[in-house]
Number of protein chains: 2
Amino acid sequence: MSDVARLAGVSIKTVSRVVNDEPGVHPGTAERVLAAIEQLGFRRNVGARNLRRGSSTGTVGLILEDVANPFYSLLTRAVEEVARQHGRLVLTGSSDEEPARERDLALEFCARRVDGLLIVPAGLQHGYLVPEMRAGTPVVFLDRPAGDVVADTVLVDNIGGTAEAVRHLASFGHRRVAFLGDSPGIYTAVERLRGFREGCARAGLRYDDDLVVMGPPDERGVAAALRRLLSGPDPATAVVAGNNRITVHAVRALAHRPDRPALVGFDDFELADLLDPPVTVVAHDTAALGRVAAELLFGRLDGDSSPPRRVVLPVRLVARGSGEVRLS
Amino acid sequence: MSDVARLAGVSIKTVSRVVNDEPGVHPGTAERVLAAIEQLGFRRNVGARNLRRGSSTGTVGLILEDVANPFYSLLTRAVEEVARQHGRLVLTGSSDEEPARERDLALEFCARRVDGLLIVPAGLQHGYLVPEMRAGTPVVFLDRPAGDVVADTVLVDNIGGTAEAVRHLASFGHRRVAFLGDSPGIYTAVERLRGFREGCARAGLRYDDDLVVMGPPDERGVAAALRRLLSGPDPATAVVAGNNRITVHAVRALAHRPDRPALVGFDDFELADLLDPPVTVVAHDTAALGRVAAELLFGRLDGDSSPPRRVVLPVRLVARGSGEVRLS
DNA sequence: CGCCGCTATGACAACGTTGTCGGGAGCCGG
DNA sequence: CCGGCTCCCGACAACGTTGTCATAGCGGCG
């Protein structure tokens with residue numbers, strides 16, 4: 001900036017005025033300054049500006065499990081869009097479901113003075129955020145609530161969704177319905193399992209521990225679980241898959257089996273309608289999840305200081321075929 | 001920081017020393033300072049630190065077309081991973097294929113003094129980056145080269161890939177092969193069209209303008225194009241789809257047609273193997289694209305000042321069924 | 001006992017920017 | 001001719017941090 005000032009023959013304060021479109025600069029002077037800026041390729045240092053003004057850094061942080069997962073990438077895009085409307089940039093980070101990594105990312109973001117944080121929690125301990133929140137950084141949790149801090153939270157109707165999936169399957173005559181869930185450390189996995197039990201109870205199915213498998217959604221694990229669930233004297237005739245990864249792995253594992261069970265997946269996914277059979281899912285508006293969370297965050301940044309809100313977005317069962325297998 | 005100093009009964013400089021693990025602080029003093037830091041929830045302001053030290057901001061910028069597209073989200077994840085290994089955070093932004101938006105994002109990133117930029121170019125003019133690059137911000141272009149600046153670039157073998165797709169289809173007897181490409185303003189679309197023509201020439205097929213449709217990859221457009229290509233007196237019997245979006249839309253449009261053409265898509269995508277028929281694609285290592293680009297960038301940051309490199313990653317045809325329809 | 005050197009600490013300036021304030025030049029009216 | 005006003009502009013401090021340098025205290029050694 002001082003280079004620009006020297007070249008234009010003015011003080012740096014005048015350069016600052018021009019850069020900020022402040023009034024009270026002679027047009028001719030402004031022109032000289034702009035020419036100097038152009039010539040030197042000057043770009044204002046936003047960091048220094050924020051330091052001096054004590055103002056917003058114009059960034060928000062987004063922490064999720066894995067951007068490569070289409071569910072989260074949709075969410076990322078939605079957040080980015082709202083951020084753009086509010087003139088903010090987005091710092092993203094994948095936690096890989098590791099609480100320590102989530103924590104490191106969040107604290108790094110805070111050290112960079114993000115205006116706010118959007119977090120898909122990887123664990124249940126978020127006390128580390130308390131000082132930051134007290135210092136004025138709003139935090140919104142997405143998809144899962146935090147274990148031990150009160151803050152805005154946006155969820156989908158996990159319980160209602162899986163319960164509905166069970167009801168749907170039971171209405172086609174299934175009595176042996178299995179549940180394939182993510183690791184029991186994950187909130188949504190536990191909630192969906194709860195919904196599953198609730199659905200069983202309502203449909204008058206006997207809940208059977210042997211029909212539940214919880215674990216990380218890798219291809220081999222899902223395939224092995226399915227082999228077990230579909231064998232034995234009293235095999236499952238229908239499966240509820242607990243999230244998009246598990247559903248996809250299940251579809252792949254079942255592709256060449258003659259005795260395919262009925263299948264309903266949680267989370268919609270691209271091409272579900274083109275598989276054979278098309279996959280019935282409990283769908284929700286993923287983009288809305290991100291959008292609502294981001295809008296809550298920006299509401300806080302705009303001064304909304306009402307008590308923390310918990311928003312639960314509805315789900316709906318999309319019947320496509322894989323879940324409508326009538327038990328003979 | 002001065003609050004911490006006051007509480008610990010030391011000067012801010014000593015606090016700074018403690019925060020930075022500098023030697024020469026009495027253990028007892030350090031302990032008092034750490035206690036004060038803990039009590040006040042103090043977190044160092046990285047912005048101020050970078051300002052003073054004139055050092056790296058510890059962030060890199062990534063600009064691509066749309067994170068929600070699985071191709072780009074894979075790429076994002078790969079970049080993030082490399083960045084993490086180098087202790088950097090990633091600022092992301094979607095350009096939506098609009099040059100102005102790409103430019104705004106890039107300049108915002110530069111104003112925030114990112115250490116480097118990774119860009120999937122949305123247009124052909126990148127002169128706006130010259131001052132930044134001269135000022136020392138390394139830039140690496142991914143997936144497409146920049147129009148008018150020389151910089152590191154990582155591409156996939158677009159020409160070889162489509163040429164191979166045509167060769168493959170021709171080997172099954174197809175003579176009327178169509179090409180469905182993205183908008184002609186996009187580098188990869190043009191390159192892949194070139195590869196298509198080259199493939200036609202090598203396979204002894206007559207190149208026919210009527211068999212080429214270029215345009216934005218929306219569902220309706222792709223469906224309409226396919227209707228046209230597959231009708232008339234001399235319809236196409238095989239189709240090369242120019243990218244993952246187009247392939248997916250094509251699969252959907254063709255799903256319920258009796259006269260399905262053979263299909264080869266560019267870019268692999270999840271579930272391609274489970275569709276009916278499984279989709280033959282020209283695959284490449286998307287994560288490697290991001291990884292190599294990011295590594296090039298960090299190489300520059302580590303002082304590599306060799307001439308700009310252009311890396312072209314190989315592709316390979318994955319035959320799954322949709323492309324192996326022998327013409328009767 | 002005086003000087004050296006080492007340890008632990010603080011005062012100060014500077015990073016790039018902007019808010020505050022003060023002042024010079026020009027103009028007007030009295 | 002002078003007071004006051006407006007228009008432009010610059011000097012200076014401050015944001016939170018760290019590099020440089022100075023210094024007080026203290027033990028050891030000749």
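Letters A, B, ... mirror the listed sequences (proteins, then strands); counts begin at 1.
Remark: side-chain polar atoms of Ser16(B) are not paired, donor with acceptor, to backbone N or O of Ile12(B) under 3.5 angstrom. With Asp104(A) contributing its side chain and Glu102(A) its backbone, the two residues share no donor-acceptor pair below 3.5 Å. Between the side chain of Asp66(A) and the backbone N or O of Asp96(A), no donor-acceptor pair lies under 3.5 Å. Formation of a donor-acceptor pair under 3.5 Å by the Arg112(A) side chain with backbone atoms of Thr57(B) is found in this model.
Summarising the local packing, CD of Glu38(B) is surrounded by 12 or fewer heavy atoms from other residues, nucleotides or ligands at distances under 6.0 Å.
Across all strands shown, Gly24(B) has heavy atoms under 4.0 Å from base atoms, whether or not it also approaches the sugar-phosphate. No contact: Ser2(A) has no heavy atom under 4.0 Å from any strand.
In terms of position along DNA chain D, the nucleotide closest to Asn20(B) lies nearer the 5' end than the nucleotide closest to the other residue of the pair Arg17(B) and Asn20(B).
Remark: P of dT7(C) and CD of Glu22(B) are 15 Å apart, rounded to the nearest angstrom.
Shortest non-hydrogen contact noted between Glu65(B) and Tyr72(B) is OE1-OH, 3.2 Å. Across Ala78(A) and Ala287(A), no two heavy atoms sit closer than the pair CB-O, 3.2 Å. Smallest separation of non-hydrogen atoms from Arg310(A) and Leu155(A): NH1-CD1, 3.5 Å.
Between Phe71(B) and His284(B), the ring planes lie perpendicular to each other; the angle is over 60°, past the 30° to 60° tilted range.
Taking a 4.0 Å limit (strictly below) on heavy-atom distances, residues 7-15 of chain B reaches DNA chain D at Ile12(B), Lys13(B). Heavy-atom distances under 4.0 Å link DNA chain C to Leu51(B), Arg52(B) of residues 32-52 of chain B, given in residue order.
Of all nucleotides in DNA chain D, those with any atom nearer than 4.0 Å to a heavy atom of chain B start and finish, going 5' to 3', at dG16(D) to dT20(D).
To the nearest 0.5 angstrom, Asn45(A) atom CG is 12.0 Å from Cys110(B) atom SG.
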